[in-house]
Amino acid sequence: DAGVTQSPTHLIKTRGQQVTLRCSPISGHKSVSWYQQVLGQGPQFIFQYYEKEERGRGNFPDRFSARQFPNYSSELNVNALLLGDSALYLCASSPRGAGGAGITEAFFGQGTRLTVV
Amino acid sequence: DAKTTQPTSMDCAEGRAANLPCNHSTISGNEYVYWYRQIHSQGPQYIIHGLKNNETNEMASLIITEDRKSSTLILPHATLRDTAVYYCIVRALTNAGGTSYGKLTFGQGTILTVHP
């Protein structure tokens, strides 16, 4: 089975530009989350989507937005890029727990390495 | 979500057991303990999670103290490929609508180095 796939794997953008990152979850997973990982730090939560609705948002500016499509894939958009947006952007998909329980473990993709110059 | 405290780094000899501690003294009754690891330049990998009972899977064992204020991840026979950053995370499995729904709060983790 294919894991979480993200595209592109690497990206270089100029300050002020906009970028769109894409994520395909594991088949059958309806929840997708996005994380930003700056060099030397742990991943930081940006968004979570479940059944195409936003279910959680981290402490990120409005320049960051996301959406989830009917096939449960997701896009993360970042506008007006800053040098500080350079990071590894990780997507994670999760199944729902048995018996309607909450989200259980998250499975991460390999990430998109964004460099802003 | 409750905060966790982990040692910054640990060493382990190949073939020996690696025991990674985690303190989560403010954990709530509905919060689970999760462990992930991240090998250099890869996405985090799920290892194991538990609520109050000890858990074991093909990768590791998780020992949670009776008061649930700390836990230990055990890699029974560490290999060089186990060298990674290990993250201990506590979180609740809230229902839809909660801001912690599905969210993982990563700290700095423990850098485990397995040497020959």
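In what follows, chains are A, B, ... by sequence order, proteins preceding strands, each numbered from 1.
Atom CD1 of B:Ile47 sits about 12.5 Å away from atom CD of A:Glu105, to the nearest 0.5 Å. To the nearest 0.5 Å, atoms OG1 (B:Thr105) and CD (A:Gln44) are separated by 8.0 Å. Separation of atoms OG (B:Ser41) and CZ (A:Arg113) is listed at 6.0 Å; rounding is to 0.5 Å. To the nearest 0.5 Å, the span separating CZ on B:Phe106 from OH on A:Tyr35 amounts to 6.0 Å. Distance check: A:Phe108 CZ to B:Tyr46 OH gives 12.5 Å after rounding to the nearest 0.5 Å.
For residues 62-89 of chain A, heavy-atom neighbours of chain B at less than 4.5 Å comprise A:Leu88, sorted by residue number. Identified by a heavy-atom distance below 4.5 Å to chain A, contributing residues of residues 62-72 of chain B are lacking entirely. Residues of residues 107-116 of chain B lying within less than 4.5 angstrom of chain A, judged on heavy atoms, are B:Gly107, B:Gln108 in numerical order. Within residues 8-20 of chain A, no residue has any heavy atom under 4.5 Å from a heavy atom of chain B.
The hydrophobic clustering, which links ILVMFWY residues whose side-chain heavy atoms are closer than 4.5 Å, places A:Ile46 and A:Leu39 apart. Residues B:Tyr86 and B:Ile74 are members of separate hydrophobic clusters, defined by side-chain heavy-atom contacts under 4.5 angstrom among Ile, Leu, Val, Met, Phe, Trp and Tyr. A:Val32 and A:Phe107 sit in two unconnected hydrophobic clusters of ILVMFWY residues. Membership requires side-chain heavy atoms under 4.5 Å apart, directly or through other members. Hydrophobic cluster membership differs between A:Trp34 and B:Tyr36, with clusters built from Ile, Leu, Val, Met, Phe, Trp and Tyr side chains linked at under 4.5 angstrom. Taken together through direct or relayed side-chain contacts under 4.5 Å among Ile, Leu, Val, Met, Phe, Trp and Tyr, A:Phe45 and B:Tyr87 form part of one hydrophobic cluster.
Only the side chain of A:Gln37 comes within less than 4.5 Å of a heavy atom in chain B; its backbone stays farther off. Contact annotation for B:Gln45: neither backbone nor side-chain heavy atoms come within less than 4.5 Å of a heavy atom of chain A.
The two residues B:Gly43 and A:Leu90 come nearest to each other via the heavy atoms CA-CD2, 3.8 Å.
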